[in-house]
2 protein chains.
Amino acid sequence: MPIYPMPLCRVEIALLSVVAERLCTLLVQREEEPYKGFWGLPGGVLRLELDKDLNAAACRVARERLRVESPALRQLTAVGAQGRDPRGKHDWGLSVLFYALVPEGSVLPTSGKRVSDLKWFAADDELPKMAFDHADLVSQAVEATRSSVANLQFPPGFVPERFTLGELQALSEQVLGCRLDKASFRRKLSDRGIVESLPGEQLRGNAHRPAAIYTLRAPEGKPS
Amino acid sequence: MPIYPMPLCRVEIALLSVVAERLCTLLVQREEEPYKGFWGLPGGVLRLELDKDLNAAACRVARERLRVESPALRQLTAVGAQGRDPRGKHDWGLSVLFYALVPEGSVLPTSGKRVSDLKWFAADDELPKMAFDHADLVSQAVEATRSSVANLQFPPGFVPERFTLGELQALSEQVLGCRLDKASFRRKLSDRGIVESLPGEQLRGNAHRPAAIYTLRAPEGKPS
DNA sequence: ACAAAAGTGTTCGTCTTACACCCATGC
DNA sequence: GCATGGGTGTAAGACGAACACTTTTGT
């Protein structure tokens with residue numbers, strides 16, 4: 001078999017979180033050409049010797065560039081085209097996009113290497129000048145994340161171990177950017193067995209009625 | 001920037017169709033190592049000089065190997081790992097999976113180049129010995145296709161230009177592998193404006209009551 | 001007349017939504 | 001007592017499944 005030139009393969013990470021009660025995406029200001037000064041998703045080149053698969057590559061990039069230890073990254077899509085990235089052979093770039101929703105405060109901006117400026121941008125505000133096709137990738141990640149939460153499928157690692165239903169509802173509302181009905185929210189959670197109350201445990205001291213403590217029940221896996 | 005070795009990048013195609021009233025996947029028996037004699041999805045290596053983007057690559061592969069002219073291929077996922085394909089550097093293979101649902105008869109097996117044996121396999125029967133991780137890819141494509149049709153979102157190119165509701169229901173039932181209720185099927189189609197009747201046009205001659213002729217209405221695009 | 005497919009109406013149960021209402025607590 | 005958030009009940013509506021029923025043709 002002849003040897004064909006291969007594209008520059010990268011992994012990009014759309015890290016979402018709730019910052020100041022709003023859903024935000026973590027972006028990076030580029031220090032180098034191309035698109036110097038523009039903003040983009042943090043990412044990195046696939047390293048065959050270091051990464052045993054795509055997910056491992058995404059984890060490595062998150063660790064190296066964002067100092068985040070293995071968030072629950074999920075693959076969203078792959079994009080590849082000529083003209084995407086002049087650094088590849090034939091100007092051909094292929095990127096696999098991963099995304100995750102992490103709790104507030106689990107990433108401190110100004111961490112990471114080779115990153116002049118890490119900054120959170122609200123999903124509903126206008127984005128800054130974006131490099132490559134990253135504006136589209138961000139909106140895909142935001143849409144997928146909101147759709148998950150709207151269906152009460154919380155990305156693993158986003159919800160704390162123990163929480164009250166009020167806290168969970170506030171988190172969901174901040175991600176979705178709209179208010180939810182309390183009764184419906186609670187009914188769906190208990191009807192579908194998404195959540196489980198810890199008997200006896202309560203949260204007091206809020207100047208109000210104490211709230212029951214809940215945990216997430218693992219969603220139905222595939223028994224094979 | 002240093003030059004990093006890149007994986008062998010391929011495009012795989014899960015072509016689905018209805019054959020003998022059952023949903024089937026088109027598979028290929030491999031003529032070469034690795035996995036010689038096993039079955040797999042038709043696919044090909046990404047060619048930077050020929051393909052302007054991933055979708056174009058998938059179309060080229062479909063044309064060259066299956067003699068199918070630009071079916072409506074949709075990207076499903078990307079898989080990449082060490083150990084997937086020994087032909088790549090460091091035994092690293094990256095495949096982007098595309099899938100499509102095409103009308104019966106639009107692919108003649110025994111076409112294509114370098115393909116000893118092209119054969120349709122029913123989605124609900126056991127698959128033959130599969131190469132690489134293609135068994136998993138096939139089931140992902142089947143699931144995505146059925147989910148589309150169950151939501152009455154017919155992959156473009158699958159439904160003929162003009163059809164009767166009876167024909168459309170029969171097609172849907174064959175894809176899903178189960179019967180549908182006639183009244184509900186029709187109500188959903190008209191309520192959601194998925195389908196439009198051609199006034200005056202009828203299909204007669206079936207020894208039964210004539211049927212109205214319908215066309216698909218384009219689903220809501222994104223006005224931007 | 002009959003078989004068979006086209007086409008429609010009706011009922012029923014489920015799920016969602018909106019809203020009202022009670023409960024418990026710290027101040 | 002009262003404001004506030006926790007927690008629950010209920011009525012109204014939307015939606016889909018199941019089924020019965022009528023209509024229209026060719027034979």
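In what follows, chains carry the letters A, B, and so on, assigned in the order in which the sequence lines appear, proteins first and then strands, with residues in each chain numbered from 1.
Taking atom CG on A:Leu168 and atom C1' on D:dG6, their separation rounds to 14 Å, with Å as the unit.
Ring geometry for A:Trp39 versus A:Phe121: interplanar angle over 60°, hence perpendicular rather than tilted (30 to 60°).
By the neighbour-count criterion of 12 heavy atoms within 6.0 Å, atom CD of A:Gln202 is densely surrounded, having more than that number from other residues, nucleotides or ligands.
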Check nucleotides 25-27 of chain D for protein N or O atoms closer than 3.5 Å to its own N or O atoms and list the pairs.
unit_1 : atom_1 : unit_2   : atom_2 : d
D:dT25 : O2     : B:Ala207 : O      : 3.3

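Considering all non-hydrogen atoms of both residues, A:Val18 and A:Gln174 come closest at CG1-OE1, 3.3 Å. Here the shortest heavy-atom pairing between B:Trp120 and B:Leu16 reads CZ3-C, 4.1 Å.
Every residue meeting the side chain to side chain donor-acceptor pair (under 3.5 Å) condition with B:Asp125, not counting sequence neighbours, appears here in chain and number order: B:Arg22. Partners of B:Ala14 according to the side chain to side chain contact (heavy atoms under 4.5 Å, CB included) rule, which considers only residues two or more places apart in sequence or in another chain, are B:Leu41, B:Leu97, B:Tyr99, B:Ala141.
In the 5' to 3' direction, nucleotides of DNA chain C lying under 4.0 Å from heavy atoms of chain A begin and end at C:dT16 to C:dG26.
Distance check: A:Ser106 OG to A:Leu15 CG gives 7.0 Å after rounding to the nearest 0.5 Å.
The stretch residues 169-191 of chain B touches DNA chain D through B:Asp181, B:Ala183, B:Ser184, B:Arg187, B:Lys188, each having a heavy atom under 4.0 angstrom from the strand.
Using a cutoff of 4.0 Å between basic side-chain nitrogens and carboxylate oxygens, B:Asp124 and B:Arg146 are scored as salt-bridged.
The side-chain heavy atoms of A:Leu101 and A:Leu23, taken from C-beta on, include a pair separated by under 4.5 Å.
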Distance-only donor-acceptor pairs under 3.5 Å for side chains of residues 148-161 of chain A, two or more places apart:
unit_1   : atom_1 : unit_2   : atom_2 : d
A:Ser148 : OG     : A:Arg74  : NH2    : 3.4
A:Asn151 : ND2    : A:Ser147 : O      : 3.1

